[in-house]
2 protein chains.
Amino acid sequence: MHPNNFGIEKTFGALSDSTRIAIIERLSRGEVSLSELSKPFAMSQTAVSKHVKILSDAGLVAVKKRGRTRFCELLPEPMQQAENWLMIYQKFWSERFNNLSTFLQQENSQ
Amino acid sequence: MHPNNFGIEKTFGALSDSTRIAIIERLSRGEVSLSELSKPFAMSQTAVSKHVKILSDAGLVAVKKRGRTRFCELLPEPMQQAENWLMIYQKFWSERFNNLSTFLQQENSQ
DNA sequence: TCTATAGTCAACTAAATGGTTTACTAAAAT
DNA sequence: ATTTTAGTAAACCATTTAGTTGACTATAGA
């Protein structure tokens with residue numbers, strides 16, 4: 001098992017912070033400007049902006065300028081790849097569980 | 001949408017390093033001792049041991065002592081929860097895509 | 001035109017991270 | 001009994017991370 005996991009840890013790194021998880025959840029309800037996005041957080045807008053940059057460097061978020069405001073939008077692909085990577089292990093575990101129960105059934109039938 | 005995502009960033013943090021990704025992949029092929037696990041890595045066993053501790057602190061790996069050797073084993077639950085969290089966004093995006101195509105169809109039919 | 005708003009940039013700080021080495025304990029093997 | 005093997009623990013180091021503040025640019029609105 002060596003899946004297409006190049007750089008998957010970059011995606012996980014982007015998701016390894018509670019502020020960024022909250023940003024993702026906010027953006028999943030639709031596009032928002034940076035200042036609007038910053039409001040709920042108990043930190044400076046500069047700090048939120050840095051988190052957004054980490055997310056956009058990892059390809060999870062796109063930022064587009066309209067007038068003087070920057071709008072942030074979720075990009076699905078990296079998180080889909082991360083989900084696929086996790087799904088492979090999911091499959092592995094359920095197979096192992098099936099093997100185990102098959103084994104136990106054989107044991108019991110003897 | 002506020003799913004059961006308490007501490008999900010801890011799981012993502014554990015997965016945010018390429019050494020730990022490689023450890024997970026190795027452990028998915030079965031239980032291994034720490035020294036066996038360390039061999040392929042170009043770093044000290046102490047360093048690998050620290051990575052294993054990070055994984056076990058996050059609940060992704062169990063370490064059990066037999067004699068003088070420690071065996072490491074994957075624990076599926078946190079990664080399953082992480083996958084579920086990602087799946088929610090997967091669902092959201094496909095719905096959004098459906099809404100978009102519905103919208104475009106309505107536009108075209110006028 | 002003046003002022004308020006949206007945002008960046010640079011410099012700084014404290015704490016966390018990923019690694020090292022050396023010294024140690026515990027179990028196995030000879 | 002001695003030596004090897006498996007692993008931990010502590011001290012140390014360099015880099016990254018998560019945040020701050022203050023000065024700046026650019027757009028929008030009065």
Side-chain angles (χ1 to χ4, degrees), chain A residues 5-27 30-74 78 82, chain B residues 5-27 30-74 78 82:
Chain A
N5 67 340
F6 304 110
I8 197 91
E9 72 276 0
K10 210 180 55 175
T11 301
F12 289 132
L15 297 172
S16 70
D17 178 276
S18 58
T19 301
R20 292 195 293 270
I21 291 286
I23 289 175
I24 296 277
E25 291 182 336
R26 176 63 191 83
L27 293 184
E31 217 183 50
V32 209
S33 74
L34 251 172
S35 51
E36 192 61 29
L37 183 62
S38 301
K39 279 180 189 164
F41 296 103
M43 67 181 71
S44 66
Q45 185 180 321
T46 304
V48 174
S49 179
K50 283 187 182 182
H51 281 297
V52 169
K53 184 166 193 313
I54 289 170
L55 290 168
S56 91
D57 284 350
L60 277 74
V61 161
V63 180
K64 39 192 176 180
K65 189 177 169 180
R66 258 196 327 265
R68 66 182 159 178
T69 88
R70 267 78 172 172
F71 289 91
C72 306
E73 185 192 17
L74 265 188
Chain B
N5 67 341
F6 303 111
I8 197 91
E9 73 277 0
K10 211 180 54 176
T11 301
F12 289 132
L15 297 172
S16 70
D17 177 276
S18 58
T19 301
R20 292 195 293 270
I21 291 286
I23 289 175
I24 296 277
E25 291 181 336
R26 175 67 191 82
L27 293 185
E31 214 182 55
V32 209
S33 74
L34 250 171
S35 51
E36 193 60 30
L37 183 63
S38 301
K39 279 179 187 163
F41 295 102
M43 66 181 70
S44 67
Q45 186 180 319
T46 305
V48 174
S49 180
K50 282 187 184 183
H51 282 296
V52 168
K53 185 167 193 312
I54 289 169
L55 290 169
S56 91
D57 283 351
L60 277 74
V61 161
V63 180
K64 39 189 176 181
K65 190 177 169 180
R66 250 184 350 254
R68 67 181 159 179
T69 88
R70 266 78 172 173
F71 289 91
C72 306
E73 186 191 16
L74 265 189

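Convention: sequence-line order gives letters A, B, ...; per-chain numbering from 1.
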- Message: Please find the pair of heavy atoms, one from A/Leu27 and one from A/Cys72, that lie closest to each other, and give the distance.
- Response: CD2-O, 3.6 Å
- Query: Which whole-number value in Å describes the distance from B/Arg70 CZ to C/dA28 P?
  - Reply: 11 Å
- The answer to which of B/Val63 and A/Ala42 contacts DNA chain D further toward the 5' end, by nearest nucleotide, is B/Val63
- Where do A/Gly30 and A/Val32 come nearest, in terms of heavy atoms and distance? O-CG2, 3.2 Å
- Looking only at heavy atoms, the pair that brings B/Ala47 and B/Met43 closest together is CB-SD, 3.6 Å
- Closest to the A/Thr46 side chain: C/dG19, C/dA10, C/dG7? C/dA10
- d(CD, A/Glu36; P, C/dG7) in whole Å: 10 Å
- Between P of C/dA26 and NZ of B/Lys65, the distance in whole Å: 8 Å
- Query: Checking all strands, does B/Arg66 fall into the base, sugar-phosphate, or nothing category for heavy-atom contacts under 4.0 angstrom?
  - Reply: nothing
- For A/Val61 and A/Leu74 the tightest heavy-atom approach is CG2-CD2, 4.1 Å
- Message: Can you give me the closest heavy-atom contact between B/Gly59 and B/Pro78, atom names plus distance?
- Response: O-CG, 3.2 Å
- Task: Calculate the interatomic distance between A/Glu9 atom CD and C/dG18 atom C1'; express it in whole Å.
- Result: 14 Å
- Query: Could you give the start and end, 5' to 3', of the contact zone on DNA chain D for chain B, using atoms under 4.0 Å from its heavy atoms?
  - Reply: D/dT4 to D/dA11
- Note on the structure: Of the candidates C/dG7, C/dA4, C/dG19, the side chain of A/Arg68 sits closest to C/dA4
- Would you mind reading off the distance between B/Met43 atom CE and C/dT20 atom C1', rounded to a whole angstrom? 11 Å
Name every donor-acceptor pair, under 3.5 Å, that has one atom in a side chain of residues 10-18 of chain A and the other anywhere in the protein, sequence neighbours excluded.
{"residue": "A/Ser16", "atom": "OG", "partner": "A/Gly13", "partner atom": "O", "Å": "2.7"}
{"residue": "A/Asp17", "atom": "OD1", "partner": "A/Thr19", "partner atom": "N", "Å": "2.8"}
{"residue": "A/Asp17", "atom": "OD1", "partner": "A/Arg20", "partner atom": "N", "Å": "3.2"}

- Task: Verify, without hydrogens or angle tests, whether B/Ser49 (side chain) and B/Gln45 (backbone) share a donor-acceptor contact under 3.5 angstrom.
- Result: no
- Give the rounded distance in Å between these two atoms: NZ of A/Lys50 and C1' of C/dC9. 10 Å
- Message: Tell me the interatomic distance from A/Asp17, atom CG, to C/dA15, atom P, rounded to whole angstroms.
- Response: 17 Å
- Message: What is the separation between atom NZ on A/Lys53 and atom C1' on C/dC9, rounded to the nearest whole Å?
- Response: 12 Å
- Task: Remember a base hit wins even if backbone is also touched, and classify B/Thr69 as base, sugar-phosphate or nothing at under 4.0 Å, heavy atoms.
- Result: sugar-phosphate
